[in-house]
Asks: 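Sharing a structure, written as structure tokens. Questions coming.
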Amino acid sequence: MTDVNQEGRDWLLLLVRLPAQPSRHRVAVWRELRKVGALSLGQGVWAVPDVPVFAEGIRRAVELTERAEGEAVTLAASGRGAQDETRLRAMFTAARSDDWREFLADCDKFEHEIAKEIRIAKFTLAELEEEEQSLERLRRRHRDLTARDVFGAPEAPEARERLRRCTEVCEDYAERVFGVLHGGPGAAVENDVR
């Protein structure tokens, strides 16, 4: 979690206006803002806490907008009162909670996939490499989500624990693969799932 001042948090607002056609420009800007974790407040209006982790993504969105011959205005803003700040913060944290829940679902899929490979005794280097790549994608996603979860969504600790569990599951699978391939003590691998 990034260190964020609890009182009077400043926000960056990005107002974007793009030509209707071609739609690929709107989609590119939308994807960039979603990727950085910006909160959509309405058509063409996005908000992020004014902390360094968001600066590059906002810069890229402005650049994409301008390349598409659109207009982008970035404003520093804060709520007019504590209630506004609380509401924005809650909306932003709810969006991060959604991101974490999606991450947790991806962890479930990862663990189920390895359990299936163990169940059918598919102990190949190609499969291990595929699972290791999937684990690395989970790690990158966790790093990205952690960086932009500046207020600490309640799902973050569970996500950290689940990533640790996914790492253990993958390490166990790797041991089984090498045991089978090298005929060592692990060659007689039991087809159980921890």
Side-chain angles (χ1 to χ4, degrees), residues 1-16 26-62 64-65 72 74-115 131-171 194:
M1 183 170 73
T2 305
D3 183 29
V4 175
N5 180 358
Q6 302 299 317
E7 295 180 24
R9 166 65 23 227
D10 288 331
W11 293 79
L12 288 180
L13 293 183
L14 178 62
L15 294 88
V16 176
R26 283 193 320 279
V27 171
V29 171
W30 178 83
R31 283 185 179 149
E32 184 61 39
L33 290 166
R34 293 289 299 155
K35 180 178 152 188
V36 76
L39 177 64
S40 175
L41 298 178
Q43 184 154 347
V45 181
W46 299 82
V48 294
D50 189 5
V51 294
V53 71
F54 298 106
E56 182 60 22
I58 295 298
R59 185 198 63 73
R60 284 191 308 267
V62 168
L64 287 168
T65 300
T74 306
L75 303 170
S78 59
R80 291 184 66 176
Q83 186 177 22
D84 293 331
E85 169 59 28
T86 300
R87 188 174 301 127
L88 260 178
R89 185 180 181 140
M91 291 166 61
F92 189 83
T93 300
R96 298 299 70 80
S97 289
D98 290 345
D99 291 342
W100 284 123
R101 282 190 291 275
E102 185 178 312
F103 176 83
L104 290 167
D106 290 343
C107 288
D108 282 342
K109 290 176 193 171
F110 178 81
E111 289 184 44
H112 285 102
E113 175 65 21
I114 289 184
E131 300 305 342
E132 287 174 336
Q133 289 172 356
S134 294
L135 179 60
E136 188 53 37
R137 280 191 297 275
L138 285 173
R139 287 177 174 147
R140 278 193 310 270
R141 181 115 188 273
H142 187 270
R143 278 191 302 269
D144 290 346
L145 291 175
T146 298
R148 65 184 191 225
D149 185 13
V150 296
F151 300 120
E155 295 81 2
E158 180 185 357
R160 184 175 43 254
E161 177 58 27
R162 287 299 302 280
L163 180 60
R164 186 195 61 73
R165 174 74 179 138
C166 287
T167 300
E168 289 176 356
V169 166
C170 192
E171 288 170 356
R194 287 188 195 179

Asks: Would you say the side chain of E131 lies within less than 4.5 Å of the side chain of V169, judging by non-hydrogen atoms?
Replies: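 Heavy-atom side-chain distance check fails, nothing below 4.5 Å.
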
Asks: Mind listing the closest non-hydrogen atom pair of A38 and V48 along with its distance?
Replies: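 That would be CA-CG1, 3.5 Å.
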
Asks: Give the minimum heavy-atom separation between A159 and L104, together with the two atoms involved.
Replies: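 Taking A159 first and L104 second, the nearest heavy atoms are CA-CD2, 3.7 Å.
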
Asks: Salt bridge or not between R162 and E155? Use side-chain N to carboxylate O under 4.0 Å.
Replies: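 No salt bridge links R162 with E155.
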
Asks: Only pairs at least two apart or in different chains count here, so list each side-chain hydrogen bond (donor to acceptor under 3.5 Å, both in side chains) that has a residue in residues 29-42.
Replies: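 Found E32-R60.
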
Asks: Carefully, step by step, assess L14 and V16 under the rule side chain to side chain contact (heavy atoms under 4.5 Å, CB included).
Replies: CA-CA 6 Å; L14 178 62; V16 176; 3.6 Å; yes

Asks: Under the side chain to side chain contact (heavy atoms under 4.5 Å, CB included) criterion, do S78 and E85 qualify, and how do the steps go?
Replies: CA-CA 7 Å; S78 59; E85 169 59 28; 5.9 Å; no

Asks: Heavy-atom count around E56 CD within 6.0 Å, excluding the residue itself: above 12?
Replies: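 Atom CD in E56 is crowded, with more than 12 foreign heavy atoms closer than 6.0 Å.
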
Asks: Residues two or more places apart in sequence or in another chain: which of them pass ring pair (Phe, Tyr, Trp, His ring centres under 6.0 Å) with F110?
Replies: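 Counting only residues at least two positions away or on another chain, F110 forms no ring pair (Phe, Tyr, Trp, His ring centres under 6.0 Å).
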
Asks: Do V36 and V53 have side chains that get closer than 4.5 Å, going by heavy atoms?
Replies: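 Side chain of V36 against side chain of V53, heavy atoms only: no contact under 4.5 Å found.
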
Asks: CD/E171 to CG/L135 distance, rounded to the nearest 0.5 angstrom?
Replies: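 One finds 8.5 Å between CD of E171 and CG of L135.
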
Asks: Looking at side-chain heavy atoms only, is the closest gap between E132 and E136 below 4.5 Å?
Replies: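 Result no, sub-4.5 Å side-chain heavy-atom pair not found.
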
Asks: Does a salt bridge link D106 with R137, judged by any charged N lying under 4.0 Å from a carboxylate O?
Replies: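 No, this pair does not count.
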
Asks: Just verifying a value: how many Å separate L13 CG and D50 CG, rounded to the nearest 0.5 Å?
Replies: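 Answer rounded to 0.5 Å: 10.0 Å.
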
Asks: So with a 6.0 Å cut-off around CZ of R80, is the heavy-atom count from everything else above 12?
Replies: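 No - once you tally the heavy atoms of other residues, nucleotides and ligands closer than 6.0 Å, there are 12 at most.
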
Asks: Considering all heavy atoms of both residues, which atom of F103 and which atom of L145 are nearest to each other, and what is their separation?
Replies: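 F103 and L145 have their closest heavy atoms at CB-CD1, 3.9 Å.
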
Asks: Any chance you could lay out the side-chain hydrogen bond (donor to acceptor under 3.5 Å, both in side chains) test for T146 and R143, step after step, and finish with the verdict?
Replies: CA-CA 5 Å; T146 298; R143 278 191 302 269; over 6 Å; no

Asks: Looking only at heavy atoms, what is the nearest atom pair of C166 and L138, with distance?
Replies: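 Closest approach of C166 to L138: SG-CD1, 4.2 Å.
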
Asks: Considering residues at least two apart in sequence or located in another chain, which fulfil the ring pair (Phe, Tyr, Trp, His ring centres under 6.0 Å) criterion with F54?
Replies: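 F54 satisfies ring pair (Phe, Tyr, Trp, His ring centres under 6.0 Å) with F92 once adjacent residues are dropped.
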
Asks: What is the minimum heavy-atom distance between L33 and A61, and which atoms define it?
Replies: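 That would be CD2-CB, 3.6 Å.
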
Asks: Using the rule given for salt bridge (charged side-chain N to carboxylate O under 4.0 Å, His left out), can you reason through D99 versus R96, listing the C-alpha separation, both sets of side-chain angles and the distance that settles it, and then say yes or no?
Replies: CA-CA 5 Å; D99 291 342; R96 298 299 70 80; 3.0 Å; yes

Asks: Taking atom SG of C107 and atom CD of E102, what is their separation to the nearest 0.5 Å?
Replies: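 It is 11.0 Å, given to the nearest 0.5 Å.
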
Asks: How far apart are the closest heavy atoms of A28 and L64, and which atoms are they?
Replies: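 Taking every non-hydrogen atom into account, O-CD1, 3.8 Å.
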
Asks: Check this for me: does any side-chain nitrogen of one of R87 and D84 sit under 4.0 Å from a carboxylate oxygen of the other?
Replies: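 Result for this pair is yes, salt bridge flagged.
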
